[in-house]
Amino acid sequence: MEELRSYSFQYLESMRTQLRTIRTSRVTDMRRILEGRPKEEIKSFPWQYASNVVIQLVASFTDQLAARMVMGIHNTLPLFPVKMLGTIDPKLQPEKKRELLEDFLATSAVDPGTMNLIETEYTWFRNAIGYGCQALKVNTVDETSYRVKGKEITMVKGYQGPDLMPIEYEDFLMPTEVMPVSRMPFKAQAIHLSRWDIEQRIASGVWDKEEAIKILTAPSQTAESQPRQAVASDQKISPSASEDAQIFDLYECHLKYIHNGKTFDCILTLHPETRANPKAIFKFYPADIQEFLLIRFGGYGKRAYGLGLIEALQDYQEEVTQIHNQRRDAATAANTNVLRVTPGSQLDTMTTLYPMGIIPAPPGTIEWLQLGRNPTETIQDENLVRQEAAERAGVHPSFSGSGSGGPNKKGVYSAMGTMSVMQEGNSRTDMNLALFRNAHVQLGQTLLGLYANFGVSKEVLKRYGDDEPLLREALEAYSAGTMRAIVRAGTASVNKEVEKQNLMMMMQNLRQHYQQSVGMLQMIENPMTPPDIRTYMAEALQGMNTMMRWAIRNFGVSEGGQDMVPKTEKFIQKTQPPQAPPQQGGAVPVAQGQQQQPQQPPIPQQEPPQ
């Protein structure tokens with residue numbers, strides 16, 4: 001055990017040294033950029049209290065992307081599509097169990113009193129987009145408590161199930177090499193506990209008492225506490241010198257430890273200042289469930305902490321802010337007028353200027369001077385930088401849900417502009433959505449595993465009435481491995497405006513196809529049409545129908561889309577002349593009024609020379 005403790009402390013100190021700059025000064029600066037706060041509270045150049053407004057490009061684009069990602073997922077039903085793998089006996093009702101699992105996951109996730117998934121995922125996604133990397137901790141909680149009424153002690157059952165907690169950017173420590181969370185040999189979460197939190201863990205028996213008392217003797221006040229103190233200062237929270245307000249920084253370390261040729265997954269809680277280890281356990285989750293889910297945004301596989309919009313757009317934000325403030329300062333200077341009087345004049349002491357005031361002075365005594373000018377042309381420069389920042393962030397009309405289609409002069413709806421908008425969105429918008437949908441799918445699979453392995457309370461199962469046995473059987477079968485179900489991403493369109501314009505364009509194409517088909521069918525049925533032309537028209541109609549079915553499928557209409565194009569194979573059979581049965585002797589039937597041509601003997605085929 002001592003060897004494991006020494007190894008854990010050594011690895012933790014090495015990781016803290018590597019990430020000290022990221023977790024102190026850098027994260028404080030990134031948070032200032034995201035919140036849109038100026039570098040100095042009062043600007044003193046070019047004069048005291050000069051214009052000091054920060055144009056919040058980073059926060060605006062981050063909020064737009066995060067909202068679009070979250071609502072693109074939560075507006076697509078079902079929230080967690082479940083797919084059964086393999087062949088299952090129909091008597092076991094696999095389809096009904098699949099529907100129950102989908103409904104159970106969605107109902108449990110969106111309940112505001114339990115996980116409140118929409119708020120959790122918004123924080124998770126927004127921090128990932130802003131900072132470039134964000135971890136989500138998945139834990140299980142049991143909020144059962146007891147109440148005393150008279151001489152009786154009654155148990156009050158609270159929430160029992162998964163608990164989701166987005167981890168602050170500076171509180172998640174991981175290797176600087178890009179690798180999946182499951183393969184990280186060491187990862188840690190910084191946890192900040194008050195004295196009451198530690199005493200509670202001592203009283204409940206969760207922590208070792210002697211090790212926990214050592215921690216209480218050394219409250220943490222290190223450089224790594226700087227970001228948390230800056231947040232408290234921004235909220236105007238005054239520090240307190242009382243013992244109850246002391247904060248202790250500990251680290252919950254998840255590591256792979258090799259002993260006697262075997263790898264063990266261990267979880268240790270460490271306090272570096274006192275080298276205390278109040279808790280050490282083995283990983284109790286199943287092998288396919290991870291305690292942390294990680295999103296890397298914009299890292300392109302080369303940056304362990306990703307590349308968020310804070311780092312990508314900070315220069316654009318500073319440029320727009322500088323142009324805006326310079327224009328406002330110039331406007332302030334242009335609005336400041338100065339009066340120049342003759343040297344030795346006493347007008348400044350004996351005269352006060354006001355509307356319709358009388359000045360006892362000869363002409364030329366007072367001269368009106370104007371300072372600076374109002375540079376309105378810098379608005380174009382500011383808009384240009386904004387446009388460049390929007391292109392870098394990937395915030396386009398297609399991403400905000402606005403299309404470019406509309407009726408032309410003849411009243412016919414055209415979506416050609418929307419098609420170009422879609423092409424622009426498909427390259428980046430859909431890629432970003434796929435990234436966050438993948439994280440959402442991992443979360444759904446993790447939740448399903450937690451419910452299946454750790455159980456669901458009886459009170460929750462009772463809500464399903466007659467379906468309770470089927471839901472219980474599905475969770476038990478998934479936990480035992482006899483039934484394999486995977487959570488996959490939804491396939492519905494995210495941009496409803498563009499989808500509606502696509503359907504309008506498809507309806508126009510179908511209308512034109514129907515009109516052309518009716519004209520071709522009339523020519524096929526016309527007895528005056530030559531047989532060769534009728535055959536050609538029937539085959540061309542069949543080819544048009546095949547192409548239209550492919551177009552409908554590519555428009556995303558899967559259910560019932562094939563019924564929109566009627567089948568025309570019977571018209572091809574009409575155009576083919578009936579074949580008469582061959583006569584004896586190989587004679588070919590001759591139509592009336594025609595002479596039979598003598599048959600020529602077959603030409604013998606020559607064999608190729610040897």
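Because the structure is predicted, anything quoted here is derived from the model rather than measured.
Heavy atoms only, all atoms of each residue included: Pro81 and Glu102 are closest at CA-OE2, 3.5 Å. Of all the heavy atoms in Ile215 and Phe248, the pair that sits closest is O-CE2, 3.2 Å. Annotation for Trp124 and Ala135: closest pair NE1-C, 4.1 Å, computed over non-hydrogen atoms. Listed here is the closest heavy atom pair of Met1 and Ala280: CE-CB, 3.4 Å. Among all heavy-atom pairs drawn from Glu170 and Leu173, the shortest one is O-CD1, 4.3 Å. Summarising the geometry of Ser182 relative to Gln290, their closest heavy-atom pair is CB-NE2, 3.3 Å, with the distance given to 0.1 Å.
Here the side chains of Leu294 and Gln134 are not in contact, with every heavy-atom distance at 4.5 Å or above. In this structure the side chain of Thr269 never reaches within 4.5 angstrom of the side chain of Cys253, judged on heavy atoms. Proximity of Arg201 to Leu193: side-chain heavy atoms (C-beta onward) are separated by under 4.5 Å at one or more points. By the 4.5 Å heavy-atom criterion applied to side chains, Gln246 and Ser194 are not counted as neighbours. Using a 4.5 Å heavy-atom cutoff, the side chains of Leu101 and Met84 are in contact. Residues Glu121 and Leu443 are in side-chain contact: their nearest non-hydrogen atoms beyond the backbone lie under 4.5 Å apart. By the 4.5 Å heavy-atom criterion applied to side chains, Asn432 and Met69 are counted as neighbours. Looking only at side-chain heavy atoms (C-beta outward), Pro227 and Arg23 stay at 4.5 Å or farther from each other.
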Only distances under 3.5 Å count here; give the side-chain donor-acceptor pairs of residues 256-267 to other protein atoms, sequence neighbours excluded, each with its distance to 0.1 Å.
from: Lys256; atom 1: NZ; to: Asp265; atom 2: OD1; distance (Å): 3.3
from: Tyr257; atom 1: OH; to: Glu3; atom 2: OE2; distance (Å): 3.3

Distance-only check: which donor-acceptor pairs under 3.5 Å involve side-chain atoms of residues 452-470, not counting sequence neighbours?
from: Asn453; atom 1: ND2; to: Gly449; atom 2: O; distance (Å): 2.6
from: Glu468; atom 1: OE2; to: Arg472; atom 2: NH2; distance (Å): 2.8

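Panel note: side chain Ser6, backbone Glu2; no donor-acceptor pair is recorded below 3.5 Å. Using modelled atom types, one side-chain atom of Asn75 and one backbone atom of Met71 make a donor-acceptor pair closer than 3.5 Å. A donor-acceptor contact shorter than 3.5 Å links the side chain of Thr76 to the backbone of Gly72. Looking only at distances, no side-chain donor or acceptor of Ser14 sits under 3.5 Å from a matching main-chain atom of Gln10. A donor-acceptor pair under 3.5 Å links the side-chain atoms of Ser108 to the main chain of Phe104, judged by distance alone. Of the possible donor and acceptor atoms, one in the side chain of Gln445 sits under 3.5 Å from a partner among the backbone N and O of Val487.
Between Phe292 and His254, the ring planes lie perpendicular to each other; the angle is over 60°, past the 30° to 60° tilted range.
Under the 4.0 Å criterion applied to side-chain N and carboxylate O atoms, Asp63 and Arg126 are assigned as salt-bridge partners. Under a 4.0 Å N-O distance rule, the pair Arg31/Glu168 qualifies as a salt bridge. Between Arg303 and Glu311 a salt bridge is recorded (basic side-chain N to carboxylate O distance below 4.0 Å). Ion pairing of Lys214 with Glu211 is present here, as a side-chain N (NZ or NE/NH1/NH2) and a carboxylate O approach within less than 4.0 Å.
Here the straight-line distance linking atom CG of Leu448 with atom CD1 of Ile486 works out to 11.0 Å at 0.5 Å rounding. Note that CG of Asp29 is 11.0 Å distant from OG1 of Thr24, once rounded to the nearest 0.5 Å. If you take CD1 on Ile198 and CG on Leu216, they are separated by 5.0 Å, rounding to the nearest 0.5 Å. In this structure, CG in Asn277 is found 8.0 Å from CG in Leu4, a value given to the nearest 0.5 Å. The distance from the CG atom of Leu12 to the CG atom of Leu255 is 10.5 Å, given to the nearest 0.5 Å. Atom CG of Leu57 sits about 12.0 Å away from atom CD1 of Ile33, to the nearest 0.5 Å.
Annotation: ring-ring contact (aromatic ring centres under 6.0 Å, His included) contacts involving residues 126-166, sequence neighbours excluded, comprise Tyr131-Tyr169. Among pairs with a residue in residues 287-302, none fulfils salt bridge (charged side-chain N to carboxylate O under 4.0 Å, His left out), at least two apart in sequence or across chains. Legend: ring-ring contact (aromatic ring centres under 6.0 Å, His included) pairs involving residues 59-98, not counting sequence neighbours, sorted by first then second residue: Phe80-His440.
Side chains of Gln64 and Ser60: a donor on one and an acceptor on the other come within 3.5 Å. For the residue pair His271/Asp249, the side-chain donor-acceptor check at 3.5 Å is not satisfied.
Within 6.0 Å of the CG atom in Leu85, the count of heavy atoms belonging to other residues, nucleotides or ligands exceeds 12. Atom CD of Glu95 has more than 12 neighbouring heavy atoms from other residues, nucleotides or ligands inside a 6.0 Å radius.
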Stepwise side chain to side chain contact (heavy atoms under 4.5 Å, CB included) check, Cys133 with Ile295: CA-CA 6 Å; Cys133 176; Ile295 297 179; over 6 Å; no
For side chain to side chain contact (heavy atoms under 4.5 Å, CB included), just list the numbers for Lys187 and Val181, CA-CA rounded to whole Å, side-chain angles, deciding distance to a tenth of an Å, and then say yes or no. CA-CA 8 Å; Lys187 50 186 176 290; Val181 176; 3.7 Å; yes
Would Gln317 and Ile310 count as a side chain to side chain contact (heavy atoms under 4.5 Å, CB included) here? Give the steps. CA-CA 9 Å; Gln317 179 165 302; Ile310 297 176; over 6 Å; no
For a side chain to side chain donor-acceptor pair (under 3.5 Å) check, start with the C-alpha distance between Asp197 and Gln200, then their side-chain angles and the critical distance, and finish with the verdict. CA-CA 5 Å; Asp197 294 329; Gln200 184 186 32; over 6 Å; no
With side chain to side chain contact (heavy atoms under 4.5 Å, CB included) as the test, would you mind laying out the steps for Tyr451 and Leu105 before giving the verdict? CA-CA 9 Å; Tyr451 282 121; Leu105 288 176; 4.2 Å; yes
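A cation-pi arrangement is found for Arg275 relative to Phe9, the charged atom lying closer than 6.0 Å to the ring centre and inside a 45° cone about the ring normal.
By the salt bridge (Lys or Arg N to Asp or Glu O under 4.0 Å) test, Glu41 is found to be paired with no residue, residues two or more places apart in sequence or in another chain being considered.
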